[in-house]
Amino acid sequence: MVKIAPVFFSKKMNLASKFYYETKEWHEQSSGRKTNNTITHYSLLNPQLKWKAKAISSFCSISQDNAIKLKNWKIKNSYLDDSYAKNSMFNNGFLNVGFFKIGSSSKGYHVNGYIHYKSDYIERCSVQIIHIDGGLAFLALYWILSDKATELLKDIDVTDIEPEQIQYLSCNPFSTRFVASSTLGRLNFSEERLLSRLEFLHREIQLAESQLYNFFGISQTEAPVYTMDIHIDDISPYFIEKAAPPKEINDDNCNAHFIQHFHGYNLPFKSDDFKRCLFPLRYLRPRTTPPKISHIYITSQTSDEVDEHRLNDFSTRLFSPINSHHIYQFLHVCDARFERLDKNYSLSIIDSYNESPDKSYNHIYSSFVEILKIEELLTAFIESKHDFIHFRTDDSLNYDIFFEKASVYLGNVRKVKKSLELKKQASNEKVQSANLSYQKRMTWFVAILTIIQILLAINSQQISNFISWIISFGFI
């Protein structure tokens, strides 16, 4: 309507109409947009490869009380003596609590118990307690996934998604955001569908974790961090150093995938041959909330590369943060705590602008406590270096490089700690100043109340004297 009869509409409406048709025409002529809108299937990794979502590692700190409950359960159900249930600041190491089946039947697996939760995506779980210096305890859960978990993330049908959608920020013609819009194609919505399925898988793990906590009678003290293990049955590494030339997409099928082969430029960990890599999903979505399953560990290995005793078989081994690539989850815990710290610090800045020194100080104090926890964890972790090296089983993991990263992390944390300490001191001075002003006001208030009380006492005495005088004349 606006295009047909522009004279009857405002300038803003005409501008919106012009922008709409120009954007539409540009998208129709853009070869990149045409390619993105012809995809029919979408995957987490290249669907042409034979890959499987093998497991998800869940890792978090636990209280000493919860650690004792887990150890007591282990003692009652095995040959261990009571000494294993004692916690100490010097009791470093780990304890395999057991191997549990998700469901009510074992299907031939040797298990220590059953977690009564029905899931089509989770099969089994390994439970382990880890102790490091300072009496810190951690719970490591390794959830084995079924084939349906891989199907959830591979070859997702996206043909029902509209090829192109223009979303306006406001439909109100009087709003300043009326003309603004965002244009999303099938590729964008395919990514959202994939991430929603990752989130669904995370919720499945959460529900199973809740049942496992109930099984042991323990409670969650900190939100866990999650890393997914993916095995690729291929001799070549998944990531390449240089981007390959773009492959033309046909109308019949599409091999579009979220993690591209050339995304290996920013990996926290990678082996020398690039066959084992830890990939952070947040680098693909830096401006959005990262997925709860924050990292993916990708290993390329064929059956010919597995040794005779299958000790290096990635597809079947159970991994733990104590002796494998999941040692990086200690740093992921620090990252999660740092995010909470940053949130509290942001609130302190808002409260300082709102002239609320008490709230600002409380948020800064919470941030300072959080940075102390991060410093404590990193310090204890670095001091436990020899224990981790003693239990190492992954030859591709360079522990020296890892602990060097941890030391750099600790140095940065201490810099932030000094900054927070100064801000805490400055905020405390504001609180003291506000309290002093409050005390001055209260002093004047008390003085006024005292004067009023004296006047009331004088008036009361005068009234009493007047009544006595009247009584003396016998009027009453």
Side-chain angles (χ1 to χ4, degrees), residues 54-55 57 59 61 92-94 128 130-134 136 138 140 142 225-232 236-242 259 261-284 286 290 293-301 305 311-312 314 317-339 374-417:
K54 175 201 168 186
S57 175
F59 185 69
S61 64
N92 294 353
F94 67 96
Q128 189 178 79
I130 300 173
H131 285 278
I132 62 175
D133 280 347
L136 301 179
F138 297 87
Y142 197 69
V225 293
Y226 300 91
T227 299
M228 177 184 287
D229 283 349
I230 293 182
H231 172 247
I232 302 177
S236 301
Y238 185 79
F239 293 109
I240 56 178
E241 295 187 5
K242 294 183 180 180
I259 303 178
H261 290 284
F262 54 87
H263 279 159
Y265 52 84
N266 202 349
L267 298 172
F269 163 72
K270 58 186 176 183
S271 60
D272 294 336
D273 55 4
F274 257 72
K275 286 190 175 183
R276 295 171 182 259
C277 297
L278 182 65
F279 183 81
L281 287 176
R282 69 172 58 211
Y283 288 133
L284 296 182
I293 303 175
S294 59
H295 290 74
I296 293 180
Y297 186 77
I298 303 173
T299 293
S300 299
Q301 186 185 56
E305 297 175 283
L311 296 177
N312 67 334
F314 182 85
R317 276 194 58 191
L318 302 177
F319 293 103
S320 161
I322 199 73
N323 57 6
S324 72
H325 54 277
H326 287 304
I327 193 174
Y328 277 87
Q329 288 191 300
F330 281 98
L331 300 186
H332 300 166
V333 169
C334 294
D335 291 338
R337 292 180 179 180
F338 213 97
E339 288 179 5
I374 298 173
E375 183 184 25
E376 179 190 24
L377 172 56
L378 287 170
T379 303
F381 179 65
I382 293 171
E383 290 176 354
S384 305
K385 174 181 178 179
H386 295 292
D387 297 315
F388 284 92
I389 294 176
H390 174 73
F391 293 112
R392 66 181 297 179
T393 58
D394 190 352
D395 295 333
S396 64
L397 181 60
N398 190 321
Y399 278 74
D400 291 332
I401 293 178
F402 171 76
F403 279 100
E404 183 179 344
K405 289 182 178 180
S407 298
V408 173
Y409 200 140
L410 179 59
N412 293 333
V413 164
R414 285 174 173 165
K415 290 179 182 177
V416 176
K417 176 188 170 184

Open item on the list: Minimum heavy-atom separation for F274 and L267, please, with both atom names.
Closed with: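 Looking at all heavy atoms of both residues, the closest pair is CE2-CD1, 4.4 Å.
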Task: Least distance between heavy atoms, D133 atom then A380 atom - done: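 Scanning both residues completely, I find the closest heavy atoms to be O-CB, 3.0 Å.
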TODO: Return the orientation label for the Y297 and H325 ring planes: parallel under 30°, perpendicular over 60°, tilted otherwise.
DONE: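 The arrangement is parallel - the two ring planes meet at less than 30°.
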- [ ] Start with the C-alpha distance between T227 and F319, add both sets of side-chain angles, then the distance that settles side-chain contact (heavy atoms from CB on, under 4.5 Å), and finish with yes or no.
- [x] CA-CA 11 Å; T227 299; F319 293 103; over 6 Å; no
Task: With E305 via salt bridge (charged side-chain N to carboxylate O under 4.0 Å, His left out) - residues at least two apart - done: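 If we apply the salt bridge (charged side-chain N to carboxylate O under 4.0 Å, His left out) test to E305, skipping adjacent residues, the hits are K275.
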Open item on the list: Test of understanding: with side chain to side chain contact (heavy atoms under 4.5 Å, CB included), list the residues that count as partners of V416, not counting sequence neighbours.
Closed with: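 Counting only residues at least two positions away or on another chain, V416 forms a side chain to side chain contact (heavy atoms under 4.5 Å, CB included) with F338, I371, L420.
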Open item on the list: Taking side chain to side chain contact (heavy atoms under 4.5 Å, CB included) as the definition, give me every residue that meets it alongside A55, ordered by chain and number, with sequence neighbours left out.
Closed with: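 Side chain to side chain contact (heavy atoms under 4.5 Å, CB included) check on A55 returns Y142, I144.
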Task: Main-chain N/O of N312 paired to Q301 side chain as donor or acceptor, under 3.5 Å - done: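 Looks like yes, one N/O pair under 3.5 Å.
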Minimum side-chain heavy-atom gap [X]-[Y] below 4.5 Å:
X	Y	result
F138	I132	yes
Y238	I259	yes
D229	T299	no
S61	L136	no
P268	P280	yes
V333	Q329	no
Y409	D335	yes
F239	I298	yes

Could you give the distance from [atom1] ([X]) to [atom2] ([Y]), rounded to the nearest 0.5 Å?
X	Y	atom1	atom2	answer
F59	Y328	CZ	OH	14.5 Å
L318	S324	CG	OG	10.5 Å
H295	F279	NE2	CZ	9.5 Å
H386	F403	NE2	CZ	9.0 Å
R317	N323	CZ	CG	6.5 Å
S300	R276	OG	CZ	9.5 Å

Task: Test side-chain contact (heavy atoms from CB on, under 4.5 Å) applied to S57 and H332, H326, M228, the passing residue - done: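 The passing option is H326.
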Task: Criterion salt bridge (charged side-chain N to carboxylate O under 4.0 Å, His left out) on D400 and K385, from CA distance to verdict - done: CA-CA 9 Å; D400 291 332; K385 174 181 178 179; 3.7 Å; yes
TODO: Please determine if K54 forms a cation-pi arrangement with F314, meaning its NZ or CZ atom is less than 6.0 Å from the six-membered ring centre and no more than 45° off the ring axis.
DONE: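 Yes, K54 lies over the aromatic ring of F314.
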- [ ] Examine F402 together with F269 and report whether their ring centres are nearer than 6.0 Å.
- [x]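 Not close enough - the centres of the two rings lie 6.0 Å or further apart.
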Open item on the list: Go through it in stages, so that I can follow the logic: the residues are L410 and T379, the test is side-chain contact (heavy atoms from CB on, under 4.5 Å), and I'd like the CA-CA distance, side-chain angles, deciding distance and then a yes or no.
Closed with: CA-CA 7 Å; L410 179 59; T379 303; 3.8 Å; yes
